[in-house]
Structure formats: structure tokens, C-alpha cells
Amino acid sequence: MLRVLFIILAIVSLSLAIVLGGWLLYVLAAALLTAAGAMITSKMRRQHKNVPEAFMQAPEQPEEDLGSFGIMEIKPVQSVKLEETHYEGVDGGDERAVGDSYEFNPIQADLPDESAEVPVVGKPRSKSPRPRIMVSEASSQSFADVLIPALRSLRASIDAYTVCLLRQEDVPLRYHIEVMISQNSYARNGGTYTAKEPMLAGHRALVPVVYPRVGPNGFPKAKLGYYHEQINVRQVAMVPVVPKKYDDLFILLVDTMNEVGLEAASVRVLLEQYARLVSTILDTEAEGGLADLDAGTPVKPRREIITEEMDRARSEKHPLSLALVYFNGGEDSSENVYELESAFYSRLKNVAVDARVERFGELTYGIFYHGAKAGIAAWASRIQEGFPKDHRALPGGVSIGIALLQERHQSADEFRSDATAALQEAFESGECIIVE
């Protein structure tokens with residue numbers, strides 16, 4: 001504050017000296033400025049002396065390079081003198097007197113010099129991949145609208161590999177697949193299969209039956225006819241469902257690739273509750289009470305669509321290829337599934353010229369192509385190139401599996417099964433797969 005005052009007085013003296021012309025005022029102004037400068041210099045020296053010596057010393061470097069011996073640093077064991085304050089023990093006794101001291105030898109791990117500069121970060125977390133549903137089918141549109149969402153939630157809640165609803169026909173013994181949701185492309189997407197012996201016999205309705213082992217000394221793999229091939233599942237559980245409005249027995253069945261899980265009491269409770277829900281839905285559907293969620297635009301079953309295209313191709317003697325196209329970027333996208341499917345469908349219609357495009361599942365579309373066999377590879381390449389991985393609206397690219405119609409394809413299910421297997425291989429390999 002005094003320095004500022006001296007500077008102000010010096011300015012005033014200098015101004016008066018100029019106006020009045022007195023030389024003493026010039027001398028006074030110079031003296032005041034000299035005094036202010038001396039004060040400023042004195043303060044700066046005091047601040048400089050207060051800087052701790054430790055901050056001005058360069059860190060010592062080790063004289064020898066011991067890195068080749070695996071030794072990063074050697075530190076001497078220091079003896080630290082600790083002064084303890086007076087305190088009383090639990091019983092009121094004096095534990096240590098004031099000023100008592102003891103020796104403390106710190107032991108610390110040798111770390112590299114630069115370790116102190118490494119920022120502390122959390123552990124990296126990876127996003128768990130969402131289970132990929134390869135088959136999601138129902139025998140009717142009303143079942144697709146109501147039962148597929150319900151059974152998908154059951155699959156997710158118990159970490160099942162496949163969830164299906166089967167209808168048993170006794171004479172002859174065979175099973176109709178009413179609903180199928182599976183992570184395996186070899187799961188049947190509909191139709192029927194025959195069996196030598198029933199899945200369940202003599203069990204009460206709505207009572208879950210769990211087989212904790214599949215294979216030798218367990219549930220026979222041969223009974224898992226809802227797969228086109230034998231799949232190495234570990235456990236199977238099923239619940240008999242006997243709706244009032246049907247004469248047939250229905251079976252709600254789940255399996256898993258895990259060694260344990262289905263035998264848990266909580267899983268049994270869930271299976272029973274879902275079986276009751278399925279029974280109610282079946283009775284409601286039999287009475288015509290299930291609302292068609294897309295009543296304004298009725299959708300044909302995919303099996304019927306495939307059959308139409310197969311009959312048309314064979315009657316007109318034209319080749320036919322069924323391409324299943326899956327959008328790979330669906331899992332990482334934050335957009336609504338319906339919005340993604342709308343954009344995906346529009347893009348497919350543009351790139352798949354002169355071909356019929358139909359929805360075959362979530363983010364999966366089927367394309368019927370009647371072009372010659374020699375041009376299928378080029379046609380498929382154009383579709384794949386139409387969805388580059390860095391596409392602005394639909395990033396991630398697509399997987400394409402194609403099946404060519406052959407004489408061995410006697411049903412729509414057989415034709416689609418080959419296309420589904422090709423799509424599975426395409427997704428795993430990253431290349432377009434064509435099955436003849």
C-alpha cells in the first residue's frame with residue numbers, strides 16, 4: 001500500500017514541477033520513485049528466498065542401468081522418527097508418554113520412475129453381445145403377434161438356447177411346431193416331425209419336468225426332433241399345456257447349452273407361470289379373441305409365400321433363389337427396431353431390383369430372385385455393396401445366405417432351411433454364402 005502511495009505522490013510532485021517550474025519538486029518526485037522501486041525489489045527478493053529447496057533440485061538419476069537385471073529402482077530403507085501424542089487406553093491407563101518415539105522402517109515395492117505419472121483409469125468394460133436369434137417363427141400371424149414376444153421374454157429370463165411350443169398328435173405320433181425361437185439355425189421354423197415315442201408321458205398339466213442331463217444316462221438326444229440335426233444341448237425342461245378348447249396336448253419346451261440352471265426352483269416357477277399364460281392365449285385364440293395387430297394389412301405366413309414362389313418357378317420352368325439378408329448393425333444402433341427395419345426394407349427394395357422382398361424376422365428379409373444361376377453371385381455382390389459398413393444411415397453391413405431351388409426341396413421348410421444355414425455361415429465368415 002505504501003508503494004502505491006509513493007508512486008501517486010511522485011506523479012503529483014512531477015505534475016506540480018512542470019506547472020510551477022520548481023526544481024525541488026523534480027527532486028522530490030525522483031526520491032519518491034526511488035523509494036517505491038526499492039520497496040518492490042525488496043519484496044521480490046523475500047519471495048524468491050521462500051521457495052523450498054526441494055522444488056529447485058533436479059531428481060537424482062541412478063548411476064548404473066540395472067534394467068537388464070530386471071531391477072527398476074533401488075531405494076534405501078529409511079528410518080523415520082515418529083513422535084506420538086499422549087493418549088489413554090481403553091481402561092484409562094496411560095499407553096505411551098508424550099514425546100516417546102520409535103523406529104519405523106518403511107517397506108515399499110520398487111516401481112518404475114514413470115509409474116507415478118500414469119493416470120489412474122477404471123477397468124475397461126466390454127459390452128456383452130446380445131444373443132442372436134436365428135429362428136423366430138409361428139404357425140399363424142396371431143401366434144406371431146402374441147406368443148413370439150412372450151416366449152422371447154421367457155428365453156431371455158432363463159438364458160435358454162431354444163424355446164418352442166409343440167402340439168402333439170397321437171395317431172400317428174408327431175409334433176407340430178406352433179412357435180419356435182432359437183439361437184441355432186438348425187432349429188425347425190415350422191411344420192411337423194415324427195417321433196417314435198412321446199416327449200412326455202404320464203405327467204400332469206402345468207407341472208414342469210426338468211432333465212438335468214442330455215445324452216447317455218439322460219434325456220435322449222434323438223427326441224430333440226425340433227432340430228434338423230442333433231445339437232449338443234446340455235439340459236431340457238418342458239411343461240405339459242392342456243388348454244380347454246383343444247383336444248391335443250401342447251408342450252412348452254426349453255433347452256440350454258449351459259451345464260446347470262434349468263433345475264433351479266425359480267426357473268420351475270417361471271416355466272409354470274408361462275405355461276399358464278400360453279394355455280390362456282391358446283383358449284383365447286380358439287374363441288377368436290386374439291386381435292390381429294396388423295388387421296389393416298394382413299400378412300401371409302412365410303411358409304405360404306415360399307410355397308407360392310416355388311410353385312411359380314416350377315410351373316414356369318424358371319430358376320429360383322431365396323436370399324436371406326440380415327442387417328449386422330442392429331445391435332449397436334440406438335434407433336428403434338421398427339425404424340431400422342423400415343429403412344432397411346426401403347434400401348433393399350432399391351438395390352434388389354426386380355425381386356420380391358418379404359420380412360422373415362427381426363432385421364431379416366427374404367428376397368426371391370428368378371435370375372439365372374450364372375448371375376446370382378454378381379446379383380448378391382450388388383446387394384452387399386449396397387450396404388457398406390460405413391453407410392451413413394445403416395452402418396455395419398449385411399450378411400447374405402442364398403439357397404438355390406433344387407429337386408430335393410419338396411417343401412417350403414426344406415428350401416428355407418438351406419437358406420437359413422447359409423445365412424448362419426455367412427454371418428460367421430463375413431462372406432456371402434450360396435448353397436446349391
### Query
Are any non-hydrogen side-chain atoms of Phe368 and Leu320 less than 4.5 angstrom apart?
yes

### Query
Around atom CG of Asp247, are there more than 12 heavy atoms of other residues, nucleotides or ligands at under 6.0 Å?
no

### Query
Where the side chain of Arg155 meets the backbone of Ile158, is there a donor-acceptor pair that is under 3.5 Å apart?
no

### Query
Do Phe327 and Phe344 have ring centroids that are under 6.0 Å from one another?
yes

### Option passing salt bridge (Lys or Arg N to Asp or Glu O under 4.0 Å) with Arg416 (candidates Glu309, Glu137, Glu304, Glu358)
Glu137

#### Entry: Main-chain N/O of Ala160 paired with Gln183 side-chain donor or acceptor, under 3.5 Å
yes

### Query
Are Thr364 and Met134 close enough that some pair of their side-chain heavy atoms sits under 4.5 Å apart?
no

### Task
Decide yes or no on side chain to side chain donor-acceptor pair (under 3.5 Å) for Gln235 and Thr256, but give the supporting numbers first.
CA-CA 6 Å; Gln235 292 188 318; Thr256 181; 5.9 Å; no

### Query
Side-chain contact, heavy-atom cut-off 4.5 Å: Leu394 with Arg347?
yes

### Query
Going by atom types alone, do Asn232 and Lys221 pair a side-chain donor with an acceptor below 3.5 Å?
yes

## Note on the structure
One should read off an interatomic distance between Ile383 CD1 and Tyr365 OH, to the nearest 0.5 angstrom, of 14.5 Å

### Task
Quick one: sort the Phe415 and His409 rings into parallel, tilted or perpendicular, breaks at 30° and 60°.
tilted

### Query
Would you call Glu272-Arg276 a salt bridge at under 4.0 Å N-O?
yes

### Task
Evaluate the ring planes of Tyr161 and Tyr227, with Trp represented by its six-membered ring, and classify them as parallel (under 30°), tilted (30 to 60°) or perpendicular (over 60°).
tilted

### Query
Side chains of Tyr211 and Asp255: donor-acceptor distance under 3.5 Å anywhere?
no

### Message
As a test of understanding, state which of Leu405, Ile367, Ile402, Ile434 forms a side chain to side chain contact (heavy atoms under 4.5 Å, CB included) with Ser321.
### Response
Ile402

#### Entry: Between Glu436 and Gln406, a side-chain donor and acceptor under 3.5 Å
no

### Message
side chain to side chain donor-acceptor pair (under 3.5 Å) for Ser182 and Tyr226? Distances and angles first, verdict last.
### Response
CA-CA 10 Å; Ser182 178; Tyr226 51 89; over 6 Å; no

### Query
Nearest 0.5 Å, what's the CD1-CG distance between Ile133 and Leu363?
12.0 Å

### Query
Do the non-hydrogen side-chain atoms of Ile376 and Tyr369 ever get within less than 4.5 Å of each other?
yes

#### Entry: Pro212 backbone acceptor or donor facing Arg234 side chain under 3.5 Å
no

### Task
Indicate whether the side chain of Glu428 and that of Gln424 have a donor and an acceptor atom separated by less than 3.5 Å.
yes

### Query
Have Tyr175 and Thr194 got a donor and an acceptor in their side chains that come within less than 3.5 Å?
no

### Between CG on residue Asn189 and CE on residue Met180, distance to nearest 0.5 Å
8.5 Å

### Query
How long is the gap from CD1 on Ile231 to CG on Asn184, to the nearest 0.5 Å?
4.0 Å

### Query
Hey, does Gln410 have a side-chain heavy atom less than 4.5 Å from the side chain of Glu414?
yes

### Task
Return yes if a side-chain donor-acceptor contact under 3.5 Å exists between Arg132 and Tyr326, otherwise no.
yes

